[in-house]
Amino acid sequence: MKLLRTNDMDLIKQSMFRIIGLGIGLTPSGDDYLTGLILLLRLAKETDSTLKRQLELVLKEEDLPTNIISEQQLYFASFGRSKQQLIRLINNIGDDEQSINQFKNDVRLVQQIGSTSGFDLLLGISDGIKLLEEMR
């Protein structure tokens with residue numbers, strides 16, 4: 001995650017390509033993790049617009065080392081688009097109006113995505129939150 005703070009796009013790209021396609025499942029765990037991280041960064045108001053654009057450019061690569069389903073998932077995440085339950089969870093993080101029970105329910109809905117995808121997505125979201133806190 002420190003890497004994202006460097007703005008060294010070649011190094012960021014190399015690191016992302018080591019994770020893309022890694023792991024088990026229809027959408028490999030590495031892809032799900034990156035999807036959660038990228039989606040959080042894309043939707044967060046605090047994220048630098050240059051970083052958002054750089055992530056989009058990396059994910060426009062024509063030959064991502066993964067399957068077409070994951071490729072599309074990552075690509076759409078770079079534009080802030082994904083499953084409804086993910087968008088709702090991220091948009092409600094830090095919302096003082098939301099009850100803890102509603103937040104827990106949103107987390108449970110994400111956990112139910114795929115066999116391991118939900119947990120991998122949540123890990124990416126969690127690391128994205130940590131990154132944003134470090135960048136403040």
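Treat the numbers as computed from the prediction; the structure is a model and nothing was measured.
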Who passes side chain to side chain donor-acceptor pair (under 3.5 Å) against S78, sequence neighbours left out?
->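 Expected list: none.
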Applying side chain to side chain donor-acceptor pair (under 3.5 Å), name anything that partners Q111, two or more places apart in sequence or on another chain.
->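 With neighbours one apart ignored, the set is empty.
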Single-linkage hydrophobic cluster [X]~[Y], side-chain heavy atoms < 4.5 angstrom:
X	Y	result
Y33	F76	no
Y75	I90	no
L74	L123	yes
L40	L109	no
I12	F79	no

Check I129, I125, L131 against L41 for a side-chain contact (heavy atoms from CB on, under 4.5 Å) and give me the one that passes.
->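 Exactly one pass, corresponding to L131.
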Determine the minimum heavy-atom distance between [X] and [Y], stating which atoms define it.
X	Y	value
L59	M16	CD2-CE, 3.9 Å
L26	N67	O-ND2, 2.7 Å
D63	F17	O-CE2, 4.1 Å
A44	L132	CB-CD1, 3.4 Å
S82	L39	CB-CD2, 3.4 Å
G21	D31	N-OD1, 2.5 Å

In Å, rounded to the nearest 0.5 Å, how long is the span from [atom1] of [X] to [atom2] of [Y]?
X	Y	atom1	atom2	result
I20	T66	CD1	OG1	7.5 Å
D127	K130	CG	NZ	5.0 Å
K83	I87	NZ	CD1	10.5 Å
F119	S126	CZ	OG	13.5 Å

Do NZ/NE/NH1/NH2 and the carboxylate oxygens of D10 and K13 come within less than 4.0 Å?
->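 No.
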Residues two or more places apart in sequence or in another chain: which of them pass side-chain contact (heavy atoms from CB on, under 4.5 Å) with [X]?
X	result
D32	T27, Q73, S117, D120, L121
N92	R88, D95, Q98, D106
S115	none
I19	L34

Do K104 and I100 come close enough that some side-chain heavy atom pair is under 4.5 Å?
->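 When only atoms from C-beta onward are counted, I100 and K104 do touch, with a gap below 4.5 Å.
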Are E56 and R42 side-chain neighbours, meaning at least one heavy-atom pair lies under 4.5 Å?
->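 Yes, at least one pair of side-chain atoms sits under 4.5 Å.
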Got a sec: does the CD1 of I24 have more than 12 other heavy atoms crowding it under 6.0 Å?
->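 Count not over threshold, so no.
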